[in-house]
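Since the model is a prediction, treat every value here as computed from it, not as a measurement.
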Amino acid sequence: MRIRTRWPWITALASAALFANPLGIDVIHSAFFSGEALSRGIWAPIALAGFAICTLLMLLEAVMRAMMATLRPQPHRLISDCLS
């Protein structure tokens, strides 16, 4: 597998799809922009937990991509190159 970038684009796209669909937009609206304190009190921890989980997954993907990029196997050298 060839790593072209270390940016966690897979998790970023999945997070965007999670929060940009109608249900995600409704949860975000209920958590932060609702006029009722009860609705904000119920949905805010759920939305913040979702944001935190997505952020941790993006960080995990970035670390894994960085490790895979640095631990790439070295190309094999010819025996004749080693003897000279």
Side-chain angles (χ1 to χ4, degrees):
M1 182 171 146
R2 183 176 164 176
I3 304 294
R4 296 183 184 180
T5 179
R6 292 183 183 175
W7 189 69
W9 61 271
I10 297 171
T11 311
L13 289 176
S15 298
L18 180 68
F19 293 118
N21 67 33
L23 180 62
I25 291 172
D26 191 36
V27 169
I28 291 170
H29 182 269
S30 296
F32 302 112
F33 304 114
S34 178
E36 298 180 20
L38 179 62
S39 178
R40 285 193 312 264
I42 292 171
W43 287 106
I46 295 169
L48 291 175
F51 290 144
I53 290 169
C54 288
T55 303
L56 287 175
L57 288 174
M58 287 176 70
L59 181 64
L60 178 65
E61 183 182 354
V63 168
M64 286 176 45
R65 285 178 169 268
M67 287 175 50
M68 289 173 66
T70 58
L71 297 177
R72 185 168 301 178
Q74 299 297 324
H76 296 289
R77 292 174 29 181
L78 296 174
I79 294 175
S80 61
D81 291 339
C82 295
L83 295 175
S84 59

Quick check for you: to the nearest 0.5 Å, what is the distance between [X] atom [atom1] and [Y] atom [atom2]?
X: I42; Y: S30; atom1: CD1; atom2: OG; result: 9.5 Å
X: E61; Y: L56; atom1: CD; atom2: CG; result: 13.0 Å
X: I53; Y: L60; atom1: CD1; atom2: CG; result: 13.0 Å
X: M58; Y: W9; atom1: CE; atom2: CH2; result: 12.5 Å

If we only count heavy atoms from C-beta on, is the I10 to R65 side-chain gap below 4.5 Å?
-> yes
Determine which pairs satisfy side-chain hydrogen bond (donor to acceptor under 3.5 Å, both in side chains) with at least one residue from residues 46-59, sequence neighbours left out, and list them in order.
-> none
Could you name each residue pair satisfying side-chain hydrogen bond (donor to acceptor under 3.5 Å, both in side chains) that touches residues 34-50, not counting sequence neighbours?
-> none
Common cluster, F32/I46, ILVMFWY with side-chain heavy-atom separation under 4.5 Å | no
What about V27 and L38, same hydrophobic cluster or not, with Ile/Leu/Val/Met/Phe/Trp/Tyr joined at side-chain heavy-atom distances under 4.5 Å?
-> yes
Mind checking what makes ring pair (Phe, Tyr, Trp, His ring centres under 6.0 Å) contact with F51, not counting sequence neighbours?
-> F19
How far apart are the C-alpha atoms of C54 and L18, what are their side-chain angles, what is the distance that settles it, and do they pass the side chain to side chain contact (heavy atoms under 4.5 Å, CB included) test?
-> CA-CA 9 Å; C54 288; L18 180 68; 3.9 Å; yes
Contact summary for A20 and I25, nearest pair of heavy atoms | O-CD1, 3.4 Å
